[in-house]
Amino acid sequence: MTRQHRLSEVINFSNICLSEKNNLTVINAKTDVPYESFSSANLMLVQSFATFYDELDTFGHTVSVEMTQNTDVSIVHIPKSKIEGYGSIAKTIKMTNDYVIVDGNKKDGIDSYLKKITKLTEISNISIKNHGKAFCFDPKKIDRKILNGWEKDADIQKNEDGFFTAEGMFSSKRIDKGSYQLAAFFKNMLKGRVADLGAGWGWLSVEALKQNIDKIDIFEGFYPSMQSAKLNINDPRATFSWIDVMKINAKKQYDMVIMNPPFHLGQASDSSVGNDFITKAAEMLNNNGTLVMVANRQLPYEKNISKLFKSVTISHGQSGFKIIQAKKPKNLLNS
């Protein structure tokens with residue numbers, strides 16, 4: 001309720017009109033904020049993570065993966081990456097007629113956003129509640145040249161290894177060490193139909209396609225990462241799906257699954273995310289299928305993976321990683 005209270009306070013103190021004649025767009029929309037409770041405006045929610053997109057859609061909201069049309073009032077919930085955040089704010093300012101509201105927690109750097117934007121325009125109101133702030137300003141008063149720079153910095157562009165990525169993606173600046181070790185491990189091993197779960201911007205799939213596989217299905221839940229993967233991969237054997245991995249419906253269809261799964265929800269490390277990916281991999285593999293994955297050594301995946309597969313081999317990699325190879329899913333899932 002904290003975000004709701006901050007937003008309601010800023011909207012009320014700024015005398016922002018949000019009647020049914022107005023359009024309200026929310027960037028990086030949150031699943032725990034009842035936006036309709038303080039607005040009767042036409043509501044558009046923007047969310048690029050498939051899991052949250054699906055949840056908002058289930059609530060009956062109009063949801064989009066990106067902002068595509070002008071609006072009267074916008075709310076921007078800041079992400080973890082500041083470059084991504086300023087890029088979102090810049091695009092939102094350009095497409096908003098009357099008011100932009102920026103909201104975020106102190107741990108995500110909301111104070112630095114407020115300080116920077118205060119130097120560019122007048123802030124009409126600020127709400128400070130529960131380690132967070134929301135503030136409001138007139139979008140028409142900010143220099144477009146500055147906004148162009150923010151947008152350019154946040155655009156998809158080639159990283160130092162020559163692959164298309166953008167801020168906000170996992171390991172956007174370079175190939176991460178864990179994926180590099182996994183690719184070295186599965187060299188000359190892959191065959192048949194392969195799935196890459198949580199593929200990010202696609203580097204593991206690039207490496208998989210160097211082998212004599214029949215096809216690879218690339219599954220990723222963050223829309224910008226999927227768009228980058230499409231730029232990085234031009235091979236008729238590859239197909240792309242923007243989807244919450246846990247909602248993949250493909251039982252016993254794959255010979256191999258490769259993955260470097262996420263290991264956190266929000267700020268905190270959470271092994272349940274990786275364990276969910278392992279469970280899904282076991283469901284997707286055929287009876288003789290193989291999962292190969294990389295993980296941080298301290299993450300406790302062994303119990304779950306041993307329960308799901310007949311044969312499990314764990315190798316210690318470098319820099320605190322481990323490579324897990326699991327063969328032949330047990331029938332408790334693939335029955």
Side-chain angles (χ1 to χ4, degrees), residues 46-51 53 64-68 81 83-84 87-88 91 151-245 247-250 253-262 277 280-281 284-286 289-294 323:
V46 177
Q47 178 52 254
S48 54
F49 279 99
T51 302
Y53 179 103
S64 176
V65 294
E66 54 191 352
M67 190 174 185
T68 58
S81 164
I83 292 176
E84 179 191 5
S88 294
K91 182 175 181 180
E151 274 197 288
K152 184 177 180 180
D153 289 344
D155 281 346
I156 291 175
Q157 51 197 291
K158 285 190 175 182
N159 68 7
E160 60 189 55
D161 291 319
F163 293 94
F164 288 101
T165 67
E167 287 287 334
M169 301 176 190
F170 171 67
S171 195
S172 62
K173 291 181 172 58
R174 63 190 66 86
I175 302 162
D176 72 284
K177 294 179 180 179
S179 292
Y180 191 83
Q181 291 180 48
L182 179 59
F185 179 83
F186 67 53
K187 187 176 182 180
N188 300 322
M189 178 190 296
L190 304 184
K191 62 182 180 179
R193 186 175 181 184
V194 181
D196 185 354
L197 303 188
W201 44 268
W203 186 76
L204 283 177
S205 291
V206 170
E207 292 299 296
L209 285 161
K210 293 177 181 178
Q211 301 185 40
N212 189 28
I213 63 174
D214 295 333
K215 69 172 299 186
I216 187 165
D217 293 331
I218 299 164
F219 299 98
E220 169 56 35
F222 186 42
Y223 186 77
S225 292
M226 177 56 68
Q227 296 305 101
S228 291
K230 290 179 179 179
L231 293 173
N232 290 324
I233 298 167
N234 181 20
D235 191 304
R237 293 174 293 168
T239 63
F240 303 86
S241 297
W242 175 68
I243 190 172
D244 176 352
V245 163
K247 293 183 179 177
I248 298 171
N249 183 16
Q253 292 187 14
Y254 292 92
D255 301 293
M256 310 282 297
V257 170
I258 61 175
M259 64 184 190
N260 181 359
F277 271 56
K280 176 56 67 172
M284 295 170 66
L285 285 163
N286 60 39
T290 299
L291 164 67
V292 285
M293 62 174 286
V294 65
I323 306 294

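Side-chain atoms of Asp176 and Asn260, non-hydrogen and from C-beta on, do get closer than 4.5 Å to each other. Put simply, the side chain of Ile323 does not reach to within 4.5 Å of the side chain of Val292, judged on heavy atoms. At least one side-chain heavy atom of Phe277 sits less than 4.5 Å from a side-chain heavy atom of Pro262. Side-chain contact between Thr239 and Ile218: absent, with no pair of heavy atoms (C-beta onward) separated by less than 4.5 Å. Residues Ile243 and Ile248 have side chains in contact (heavy-atom distance under 4.5 Å, counting atoms from C-beta outward). Looking only at side-chain heavy atoms (C-beta outward), Met256 and Arg193 stay at 4.5 Å or farther from each other.
No donor-acceptor distance shorter than 3.5 angstrom exists from the side chain of Lys91 to the backbone of Glu151, with no hydrogens or angles considered. Formation of a donor-acceptor pair under 3.5 Å by the Glu160 side chain with backbone atoms of Arg174 is not found in this model. Side-chain atoms of Gln211 come within 3.5 Å of backbone N or O of Leu190 as a donor-acceptor pair. A donor-acceptor pair under 3.5 Å is formed between the side chain of Glu220 and the backbone N or O of Ala199. Side-chain N or O atoms of Asn232 include one that pairs as donor or acceptor with a backbone N or O of Phe164 at under 3.5 Å. Judged by distance alone, with hydrogens and angles left aside, the side-chain atoms of Asp153 form no donor-acceptor pair with the main-chain N or O of Ile83 at under 3.5 Å. Gln47 contributes a side-chain N or O that, together with a main-chain N or O of Phe49, makes up a donor-acceptor pair within less than 3.5 Å.
For Tyr180, the side-chain contact (heavy atoms from CB on, under 4.5 Å) criterion is met by Ile175, Trp203, not counting sequence neighbours. Under the side-chain hydrogen bond (donor to acceptor under 3.5 Å, both in side chains) criterion, Lys247 pairs with Asp54, sequence neighbours left out. Remark: Lys215 engages Asp217 in a salt bridge (Lys or Arg N to Asp or Glu O under 4.0 Å) (not counting sequence neighbours). Residues passing the side-chain contact (heavy atoms from CB on, under 4.5 Å) test with Asp235, sequence neighbours excluded: Leu209, Ile233, Arg237. Applying the side-chain contact (heavy atoms from CB on, under 4.5 Å) test to Tyr223 and every residue at least two apart in sequence or in another chain returns Ser48, Val65, Glu66, Gln227, Trp242. Under the side-chain hydrogen bond (donor to acceptor under 3.5 Å, both in side chains) criterion, Ser81 pairs with Glu167, not counting sequence neighbours. Judged as a salt bridge (Lys or Arg N to Asp or Glu O under 4.0 Å), and not counting sequence neighbours, Lys191 has no contacts. In terms of the salt bridge (Lys or Arg N to Asp or Glu O under 4.0 Å) criterion, Glu84 has no residue partners (sequence neighbours excluded). Looking at residues two or more places apart in sequence or on another chain, you find no ring pair (Phe, Tyr, Trp, His ring centres under 6.0 Å) involving Phe186. For Thr165, the side-chain contact (heavy atoms from CB on, under 4.5 Å) partners at least two apart in sequence or on another chain are Asn159, Met169, Ser172, Trp201. Every residue was checked against the ring pair (Phe, Tyr, Trp, His ring centres under 6.0 Å) condition with Phe240, not counting sequence neighbours, and none meets it.
Distance check: Ser179 OG to Phe170 CZ gives 5.5 Å after rounding to the nearest 0.5 Å. Interatomic distance, Asn286 CG to Tyr254 OH, rounded to the nearest 0.5 Å: 11.5 Å. Taking OG of Ser64 as the start and OH of Tyr53 as the end, the distance is 6.5 Å to the nearest 0.5 Å.
Under the salt bridge (Lys or Arg N to Asp or Glu O under 4.0 Å) criterion, the residue pairs touching residues 200-210 are Glu207-Lys210, with sequence neighbours excluded.
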#### Entry: Val194 vs Val257, side chain to side chain contact (heavy atoms under 4.5 Å, CB included): CA-CA, chis, key distance, verdict
CA-CA 6 Å; Val194 181; Val257 170; over 6 Å; no
### Candidate pair Ile258 and Ile216, rule side chain to side chain contact (heavy atoms under 4.5 Å, CB included), full reasoning
CA-CA 10 Å; Ile258 61 175; Ile216 187 165; 4.3 Å; yes
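Residue Leu197 comes nearest to Met259 through the heavy atom pair O-CB, 3.5 Å, listed as atom of the first residue, atom of the second, then distance.
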